[in-house]
Amino acid sequence: MGLKRTDSCSNITKEHDGKEIVLCGWVSRRRDHGGLIFVDLRDRSGLVQVVFSPEVNMEAFRKAEHIRTEFVLAVRGTVSLRKAETINPNMKTGEIEVFGVELRILNSANTPPFYIQDNIDVDEIVRLKYRYLDLRRPEMQRNLLLRHQVTKAMRDFFDGEGFVEIETPMLTKSTPEGARDYLVPSRVNPGKFYALPQSPQIFKQILMISGMERYFQIVRCFRDEDLRADRQPEFTQLDVEMSFIDREDILAMMETMISYLFKKTMNTEISLPMQRLSYREAMDRYGSDKPDTRFGMELIDLSAVCKGSDFKVFETVLTGGGQVKAINVKGYAAIPRRELDGLVNYVATYGAKGLAWMCYTAEGIKSPIAKFFSADILDGITNATNAEEGDLLLFVADKPAVVAAALGQLRLEMARRRDLIDPDKLAFLWVMDFPMFEYDEEAKRYVAMHHPFTSPQDEDMEYLETDPGRIKAKAYDMILNGTEIGGGSIRIYTRDIQEKVFKAIGLTSEEANAKFGFLLEAFEYGTPPHGGIAFGLDRLIMLMAKRSSIRDVIAFPKTQSAADVMSQAPSEVAPRQLKELHIKTSVLAKS
RNA sequence: GGCCCUGUGGUGUAGCGGUCUAACAUGCCGCCCUGUCACGGCGGAGAUCGUCGGUUCAAAUCCGAUCAGGGUCGCCA
């Protein structure tokens, strides 16, 4: 291209005054004053103003008249301090400018469909279709850069701690538990399929059996489930496994790792150790197994206090084994009636059949349900909730699971509406002591809450065959600001216990052998005690970058219908390809 | 699979039964302009209102279906 780049746009400083430099980049803006042309030249580093003047170089000036937005330029020019009255304090390079001596237009460009700048207000589908333009925007480049820095810091950290990064296969075996698999047909094995990994779980355990002792991997995983703002069908995990450790070892190691990342990439200190909550306590106090602890407004159990009232709704729930809980929305007794009605619909989403409320006003308690309660019960409610004049109490009565879901979500919603969440706060915590199994009503059997390779807690082993529902697991989740960013467990490492767990989730020994026989066999060849964890890299970066969607930290994400609007994946394939793969679809090809 | 929201020039919005042969901003094109930095001035082009169907004398506007996007419940060991 003739001109060799000597500097990056935003790295030009007053120190460069008088120097001749060569810059390459894109035209961010052009301001043509007729006899003088200003171009804001942009590269990955930022912007600098280039001036084309007939008095400096007529040929360059003539060429600059034809420049348009997003043209690609190479410019040779002289750095010059700006006169005081022309300094732009809003620009990093606002004190200097570059007088263009030679201009090469490396490429022209169509007018982009949206501005290449931060904080644009454009339909996301347009951004995704023109992702290459979207990724030119500084904030997107910053996100990708942060992502790079974080994974770099991860590798540095783990390397320093004696971990080895090892790749595991992408073409793996479909397993019965867990999410829906992405399947890949095998051409050389007609009628058989690989599955893309939901996680490298079994491989990393096998690596422990292999004696690798400390493994990590930054690895793509695939789950064919519906998408969300924080869920893509393909996503990246930081996967970790260690031998000869117990739970405390891995929690400590991961806390150190996370604080290293934040220090290294954002210069943020995280105070350790992180807070811990048992699953039970998290559910009781926050109605969630991933509580946002940046604010209070905890759930208060009023089941005992309300027992024996004349309020039939509560009584029916309580005698049926349900519970009555409330949150205190401080200082919001003046909530508009319309908003209250809306909240009823809000909690209905989570299965609550109703929402009761009490407003503590200067004239006393205003509430449609207060009349059903004796003065004693009302006092009990007031004391338990610390309700004061100006406060709003919101009640849900139902089965514990519904109360937790409805009131837990309502707590978050009210915090957002009352602006109680400090966006700069980083609230880390561990949630632990999860139940090993939960009962799946649909399948009419127990399923592993974490996964079936998780070890039950030692004191609960005896219930494996008698009462699986009461067993707690050696599992732990790391939560940041109400989002699960990582989860793991101490694993089973004996055939005996693994077989019992498979049995508890309804796998016959034939099925267990067909699906996991190699693992069971491997356990018999000297398996060290081991455990690990996996972090959702996309979510972690999303939170670090303060974005509300992981799509903003993934270079080429998919839409809610799992499509890539830029490349148009997925797409139909040639009949010949299907034939080679021994596949017939039941969908008629569109004409 | 359910629920909610959205779909009007390139982009973002307004219009929500007749005055819409669709408005505004920005962008785009042309001309002018030597100190701008969201440069400025003048002029111009550009959408039949996601698609299909229905109601009506009349539909961007109402109804239905459908497609696309977003959020969410289920789902995500």
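Treat the numbers as computed from the prediction; the structure is a model and nothing was measured. Scope of the values below: all heavy atoms of this structure, side chains included, with no hydrogens, waters or symmetry mates.
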Looking at [X], does any N or O in its side chain come under 4.0 Å of the phosphate oxygens OP1/OP2 on [N]?
X	N	result
A/T559	B/G69	yes
A/Q198	B/C76	no
A/R42	B/C37	no

Between A/R223 and A/S548, which has a closest nucleotide on RNA chain B that is more 5'?
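It is A/S548 whose nearest nucleotide is closer to the 5' end.
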
Taking the nucleotide of RNA chain B with the nearest heavy atom to each, does A/D226 or A/R551 sit closer to the 5' end?
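Mapping each residue to its closest nucleotide by heavy atoms, the 5'-most match is A/R551.
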
Report yes if the side chains of A/V501 and A/M436 come closer than 4.5 Å at any heavy-atom pair, otherwise no.
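Yes, close enough: below the 4.5 Å cut-off.
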
Less than 4.5 Å apart, side chain to side chain, heavy atoms only: is that true for A/F52 and A/L103?
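Sidechains of A/L103 and A/F52: in contact.
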
Pairing of [X] and [Y] as salt bridge, 4.0 angstrom limit:
X	Y	result
A/D40	A/R31	yes
A/R82	A/E95	no
A/R127	A/D134	yes
A/K290	A/D477	no

Identity of whatever pairs with [N] - Watson-Crick or G-U, under 3.5 angstrom:
N	result
B/G53	B/C63
B/C3	B/G71
B/C28	B/G44

With A/R491 as reference, evaluate A/Q498, A/H451, A/K474 under the side chain to side chain contact (heavy atoms under 4.5 Å, CB included) test and give the passing residue.
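Exactly one option meets the side chain to side chain contact (heavy atoms under 4.5 Å, CB included) with A/R491, and it is A/H451.
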
Under 3.5 Å, is there any donor-acceptor pair linking the side chain of A/R127 to the base of B/G70?
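Not at all, since no donor on one side and acceptor on the other fall under 3.5 Å apart.
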
Tell me which residues in residues 58-71 of chain A put a heavy atom below 4.0 Å from RNA chain B, sorted by number, or none.
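Per residue number, the list reads A/R68, A/T69.
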
What N/O pairs connect the protein and nucleotides 32-36 of chain B at under 3.5 Å? Give each pair on its own line.
residue : atom : partner : partner atom : Å
B/C33   : N3   : A/D32   : O            : 3.0
B/C33   : N3   : A/G34   : N            : 3.3
B/C33   : N4   : A/D32   : O            : 3.4
B/U34   : OP2  : A/H33   : O            : 3.3
B/U34   : OP2  : A/G35   : N            : 2.8
B/U34   : N3   : A/E55   : OE2          : 3.1
B/U34   : O4   : A/E55   : OE2          : 2.4
B/G35   : N1   : A/E97   : OE2          : 3.0
B/G35   : N2   : A/E97   : OE1          : 2.6
B/G35   : N2   : A/E97   : OE2          : 2.9
B/U36   : O4'  : A/H33   : NE2          : 3.4
B/U36   : O2'  : A/H33   : NE2          : 3.4
B/U36   : O2   : A/R31   : NE           : 2.7
B/U36   : O2   : A/R31   : NH2          : 3.3
B/U36   : O2   : A/Q49   : OE1          : 3.3
B/U36   : N3   : A/Q49   : OE1          : 2.8
B/U36   : N3   : A/Q49   : NE2          : 3.0
B/U36   : O4   : A/Q49   : NE2          : 2.8
B/U36   : O4   : A/R82   : NH1          : 3.1

Taking the inter-plane angle between the rings of A/F434 and A/Y279 on a 0 to 90° scale, is it parallel (under 30°), tilted (30 to 60°) or perpendicular (over 60°)?
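Geometry flag for A/Y279 against A/F434: tilted rings.
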
Using the ring of each side chain (for Trp, its six-membered ring), is A/F38 parallel, tilted or perpendicular to A/H33, with breaks at 30° and 60°?
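A/F38 and A/H33: perpendicular rings.
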
Closest to the A/R29 side chain: B/A38, B/G69, B/C76?
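Of the candidates, B/A38 comes closest.
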
Can you give one letter per nucleotide of nucleotides 7-14 of chain B, 5' to 3': B if a protein heavy atom sits under 4.0 Å from the base, S if only from the sugar-phosphate, - if neither?
---SSS--

Starting at CZ of A/F203, measure out to NZ of A/K173 and round the result to the nearest 0.5 Å.
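Rounded to the nearest 0.5 Å, the CZ-NZ separation comes to 10.0 Å.
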
Assign A/Y350 to base, sugar-phosphate, or nothing according to its heavy-atom contacts below 4.0 angstrom with the strands shown.
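Contact class for A/Y350: sugar-phosphate only.
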
For A/S199, report the nucleic acid contact type (base, sugar-phosphate, nothing); a contact means any heavy atom under 4.0 Å.
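Here A/S199 touches the bases of the nucleic acid.
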
Tell me which pairs pass salt bridge (charged side-chain N to carboxylate O under 4.0 Å, His left out) where either residue lies in residues 443-455 of chain A, with sequence neighbours left out.
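For residues 443-455 of chain A: A/E177-A/R445.
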
Taking only residues at least two apart or on different chains, which pairs with a member in residues 480-489 of chain A satisfy salt bridge (charged side-chain N to carboxylate O under 4.0 Å, His left out)?
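Every candidate salt bridge (charged side-chain N to carboxylate O under 4.0 Å, His left out) pair involving residues 480-489 of chain A fails, so no pair, neighbours aside, qualifies.
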
Which value, in whole Å, describes the distance between the C1' atoms of nucleotides B/C28 and B/A45?
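The answer is 9 Å between these two C1' atoms.
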
Consider only side-chain N and O atoms of A/S45 and A/D43, and report whether a donor and an acceptor are under 3.5 Å apart.
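Yes, a side-chain donor-acceptor pair sits under 3.5 Å.
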
Just wondering, are more than 12 heavy atoms of other shown residues or ligands nearer than 6.0 Å to CD in A/E442?
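It does not: A/E442 CD has 12 such atoms or fewer within range.
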
Collect all protein-nucleotide pairs involving nucleotides 44-48 of chain B in which both atoms are nitrogen or oxygen and the distance is under 3.5 Å.
none

